[in-house]
Each structure stands twice: as structure tokens, then as C-alpha cells.
Amino acid sequence: MQVLGHNALRFFPYLTLLAFFAPVVVGLFGTWIPALGYLPAIGSKEFSGRIFSGLWLHPSFPKAVWVSLISGVAATCLSFGLSLFITIQLYGSRFWNGLERTISPLLAIPHAAFTIGFIFLISPSGWLIRLVSPGLTGFTFPPDLITNGDPYGISLTITMAIKETPFLLLMIMGGLNQLQTKNIIWVGRSFGYGTFGIWTKLIVPQLYPLIRLPLLTVLAYSLSVVDLAILVGPSAPPTLGVLIDQWFNDPDLNMRLSGAAGASVLFTITLLAIFVVLLLELFVRKTTTGFLINGKRNYLVDRMQWSARMLSGLLWLTTLLSLLILVIWSFTHVWRFPSAWPTDFSERFWQKTIPLLSEPMLVSLSGGCLSTLIAVILVLGCFEYEVYRGRTSSYSVGRTSRWLIYTPLLVPQIGFMFGVQIVFTLMDIQGSWLGLIWVHLIFVLPYVFLTLAQPYRNYDQRYMDVAISLSQSRLISYFRIKLIMLSKPILFSMAIGFSVSIAQYVSTLYIGAGRFATITTETVSLASGSDRRIIAVYGLCQFLLPFMIYSLAIVIPALLFRNRRGMQN
Amino acid sequence: MTLVLEHITITLNNQPLFTEVNLRVEPGRIVTLMGPSGCGKSTLLSAIFGNLAPCFRLSGEIVLGDRLLNPLPMEQRRVGILFQDDLLFPHLDVAGNMSFALPAGTHRHDKKQIISESLDRAGLSGFEHRDVATLSGGQKARVSLLRTLLAKPQAILLDEPFSKLDQELKQSVRSFVFAQIRTLNIPALLVTHDPEDAPDEPIFNLGAGNA
């Protein structure tokens, strides 16, 4: 390439690492050092383990650790079990095909928007109770129940499980496409194995390595999530993530040190949890070899298709209802308690809220667009460099580079954001657009990379060779042939990247230094204590942005290539 | 323009793929390369085309006319290639595919004219705005060849281009391809498994390297 030669491409992997990996490493160190007592900015210059030991004396800390651990592990197990159960029972059915088509829009819904809708459904004064009151329950006042924010983190666990199951399902679908699943099932059937036998003995052992890392990200996320835990988590004491967040924002600057120590503990817990999962995997592998080849072919669980249908239907329904209730509340004027339906509608709250919303929306939109654009350029450069290095022969990424890409998704955000904040302050980019875009890139880049990897590596490079020999230009061939042939997956990966950027909460707050209010930070901070009708408008707008971009990513190629059959999958 | 291969060997991990090749292809001639599968026929073609995978080592000289091709990148070699897959760009219509091959400076009006004449010659008049995915196998093969020729290559490589066509089509596409190459008067190198594919011209047998 004359302009974009191998020489220029060579820099892309380094730039990419600098963009998403370096901040994590630097951020971790920047958190550990204050955790050990060294933070000159607040006059603390002595290294000691005193802060760590002090943590356990704090009244909330031990309980917060437990709540986080239990809800995180439970949510992960629930969503993993649920997604596997649904897959095993439904794979190959028409119902499954329907799931396959509708699952990515489900993922486009931001966590916060879904959670707020979900609370509006399940809270004591929520829609579900209103629908059956007073008829069935006799309630004329909201009952004295704690259905959200309960001290055991049950509502938090359920919310996370519902939101993570579609993600794991999508990852499983991707994995199954890589295996020759249909053939395996065929072979299994010819040996007389039932569905459960085929899946547990033949498919899952091959599938698991393909979804191990996504599963671990779910675990890390569930252990450390902050925004969701603020919305539905327990409050006194809160989860560890939220507690750390409170310490970092405490008016008493010395609490920063406790925050840093707490963040380091959370990081360690996450690391240990990942390690335990890996050990468990090894254990299961070792102990099930007998089961795999014992020859038993039929199991009772084969007859549970109906329950899988019901569960996945319920999953869908909950998500749709959560959005619907947001729409209803946003147009409500008066809705007294046991009525099933608002008595009076008005668009007043939209009119009132939109002027307040326009700036956060604009900040979210520009941040999302910029970080996604940079991410996609870097990722394309990396992949193209890979092609030059002649590594196209196999599309599975090397083990180390896969773990590398996943690092920002496996390390708890709150576990290193404080360090990033310190370093960005030293670099004088704290609270600047550069800082904000960079910190979003940490999370946008891996998602763009992971969604684009397979389509890009599967691209038949002979098209490029032919194009180069025809046009005598690599650049023209790249932009007019390869990039356009790949436009569908590229746009899709950009939609994913964009929605990741929109959903950023902790990173935006810590690096924005109060100068950047996005739709997400506004929504989360309003959600506790504001008027339901206003919160609903915010939640819907948070959903609107990624929804718009997803729609564009689907509509643009569909329109452009409506007369090109070869471009339709 | 003559294509000359002089003392060509290709090695993988220091193992030669085939015995040294010395070959001269005169303009308008089509030399057939045959040999057992896995003997490196396609590898030899990619060495000439300029996209030899980095794990291979090439020695010897590839000369086209008065140009030594070895140091040149793909885009400067002016060598056309046809594979068994048509590799028509799915996002462009027939005319779009063909106009991609025309030199950048060509006037729009001239482009239209050249494309329609070229389609006429192939019995595909009026196919300009057809979606390439809707063409039949034979039509795709023809458009693919026309596209390759419009770029005015100085030599053409044929990597089993007929192997995916059914028996009847094979005959007509083959004679079309050979006729076009002869009219253009450029050297061509054909790789095939099927002795029937070979035109009435010399057949070059690639010997196994370790034999």
C-alpha cells in the first residue's frame, strides 16, 4: 500500500494497546499505591497495610463483601444455567430461530433503562401489583414489602440474571455456529442419544471453551457493577462496588484511601472468583470423563421443552413490559395506586424534560460516535495488519491476545477507575473530551474487536487479490471492495460499540470530573427520589440512542444492498 | 509479451515443492500445468501473481516481457487471475464489476461503451444492471473473465477456472475463455486436474520435489 503501507499498519496494534490496555494497567497501579497509603495529593506519604486492615472494622464492609459475592455469583450461575437450558431444549426448533433473530435488539437496551422499567414493574407500587389490586390482593395502599433494593440483593441478582442471559445466549449462538452443531446432533442421534445426552456429552464440552471468556466477563461484571446496584441493589449496607463508589466521593478526602483499598479488595475477589471458575472447569473435566462415555443415552430432562419456551418467553416479556411501562409512565399525568391504568395522560413531562435532556443526549451522542469511530479505525487497522502478517489461515485468535482483549471486561471498572483518574489528572486530561473518549475506548474497543473478529477473519482475501490486480491500487481495492463487502458486520460492531459507550457510568463520572453529564449519569442519579414520570422520560431517552444506532446499522445496508442478493448474509 | 519462468523453485521449510521449473509461454499461447494435487501448482501461480504466502521461499526469475516480476508487488505486475470461484464483487452490478477493472482516468461515456461492447461479445448484451448474484454459473464465469481482460493484463493465470461448472457449460465457457485469450494475444498459464481442460497446446507436468 502506497499510503497506508505495512509500515503504517504496523503501528495499529501498539496504538490499540495504548488505547484500551495501558489505562487498565496504569489504573490498577494508580489504585494499589494509594491503597497502600501513598497519595501525596492528600498528604498521605507512608506505605502501610493499615488501610486494608481498617476496612474490616468498617461496619458496612464485611456485609457489603458478602452481598456482592452472593449476588454476583448467583446472577452468573442463574444466567449461565438459564441460557444453557434454553439452548439445549430449544436448539433447532422454530422457536430458537425466532430467538436468534430477536436477541440482538434485546441487548441494545441499556442496563439502566431496563432496570428502571423493571423496578416500575416489581416494586410494591409497581404495575404488576396494580394490575391485581385491589381485586386479588385487597391492597388499596402499596403493601409493605421490599421487592426492590432488598438487603439480600435478591432483586439485584434477578435483574442482572435477566439482563445477562440474552448476552450469554448470543455468545452461545456464536459458538454453536463455529462448531458443526447440526452434524454433531445428527451423529449423536444415529447412536441413539437423546437431546440431553447429545448436548452434555458431545456439544457442551466443545462449546464451553468458546464461551468461557464471555462467561467470566458476566461474572466480573456481576461482582462489581455499580450503576445497577445503585438502582436495585441493597442500600444499607450497599454492595461493595457501591460502597467503594461512596468512599471515593466522600467529602472526607481520607476516605479516598479506603476507596482505593476497597477497590483493590474487589479486584482480588474478582480475580479469585475467576480462578475458582477455572479450577471448577478443570474439576468437572476430570470427574466427568466417565459420564461422557458411559453410554447412557436418554434422560428425563429431554421432555422439558415447554419449560424452556416459557422461560425464554418470560425473559422476552419482562423486557418488553419494562420498556412499555416506561412509555406509559412518561405519558402519565395522574395514576393513583390501585388503578391498573393511569387515570390521566399528558405529554407535559416530555415537554418539561426535553430541554433538560438535550445537552446530556448531545454529550452521549458525540462521545459515543467519536469513541466508536476511533475504535473501529484502530480495530480495522489491527485486522488488516494481521492479514499482512499472513495469519489469516485460522480465524481463532491466539490465546494470549484473546485474554488481552478481554482484560478490560474482566477487571472490575471501579477497581481501576480511581487510578485512571489520578493519572489523567497528572496528564491534565481529566475532565476533557480527550479523557472522556479515551476512557470510553477502554470498553468500546474490546467489544468492537470481538464482534468484528470473526466476519473480518473469514473474509475471502481472494476478492482483495483480484481487486488489487484489477485496479492496480491497494487503497482503492480496500475502500471500494473489502470495506464495503464487510460494511454490514462493521456497522453492526459500531452499533455495539456505541451502545457500550452510551451505557458507561462509573468511567464517565470519574473521568468527566463533573463536566460531562451524559444521559446515563443523569438517569442513574435522578432515579432515586425523583418523579417517576421524569425518570421514565430519562430512561426512554437512554434507550432511544442505541436503538437509533442499531436501527441505522440494520437499515443502511438493507437499503444500500436491497438489489444485491449476494450481500444478504 | 512473453512470460518466462527461469530456474523456479519454491521451498517450504527448506523442502522444495517441485523440481525446478523452466518454462516459456509465448503471447496468445495457453500452457497447461498439471500434477498430482498438493504438488504446488496453485502455489506456483501465486508466486507469479505476487501473493505467495510468507512461509514459502521462492528462487529463480519470473519475467514478463522485459520486466522482472520478482521484486514487484501485486498491483504493479499486470497479471490477471481467474479462480474456480467467479469472485464477482457482490455489492456491484455487472457494469460496476467491469468498470472497477477499467483504468481510473477512463471517461464515463467511454466506460459505458467499452462495457457494452465487451458484454455483446460474450452474448450478454443488456446485462449491465443485473445483480451478479442472479447470474447463472456460465454467465458469472464469462463476466469474471471479461472483467479480468478489461484491466488489460499482460499475462493471465487460470486456477482451475472450470472445475465448478457442469459438463455442458464447461465446454462453452472453456472455448470462450481460450478464444478471448488468443484474441488478446497474451500468455496464459492454466492449472487443472482435468486433462480435458487443456487446449491443444503443450502440457507441463510439475514433478514432485522430493521424488
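Atom set for the values below is all heavy atoms of this structure, side chains included, hydrogens, waters and symmetry mates excluded. Lettering follows sequence order; numbering is per chain, from 1.
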Side chain / backbone / both / neither for A:S477 at chain B, heavy atoms under 4.5 Å: both
Engaged part of A:D465 at the chain B interface, taking heavy atoms whose separation is under 4.5 Å: both
Flag side-chain contact, heavy atom, 4.5 Å: B:V132 against B:K140: no
Non-neighbouring partners of B:A151 that pass side-chain contact (heavy atoms from CB on, under 4.5 Å), sequence neighbours left out: A:L470, B:A101
Ring geometry between A:F383 and A:F449 (parallel below 30°, tilted from 30 to 60°, perpendicular above 60°): tilted
Derivation and outcome, side-chain contact (heavy atoms from CB on, under 4.5 Å), residues A:L378 and A:L15: CA-CA 7 Å; A:L378 287 174; A:L15 276 175; 3.7 Å; yes
Contacts of A:P557 that satisfy side-chain contact (heavy atoms from CB on, under 4.5 Å) - sequence neighbours left out: A:K488, A:L491, A:F561
side-chain contact (heavy atoms from CB on, under 4.5 Å) assessment of A:V444 paired with A:I374: CA-CA 10 Å; A:V444 173; A:I374 296 171; over 6 Å; no
Sequence-distant partners of A:I481, side-chain contact (heavy atoms from CB on, under 4.5 Å), two or more places apart: A:Y459, A:A467, A:M485, B:F89, B:H91, B:L92, B:F100
Close approach to chain A in residues 105-125 of chain B, criterion heavy atom under 4.5 Å: none
Region of B:R147 that comes under 4.5 Å of a non-hydrogen atom in chain A: both
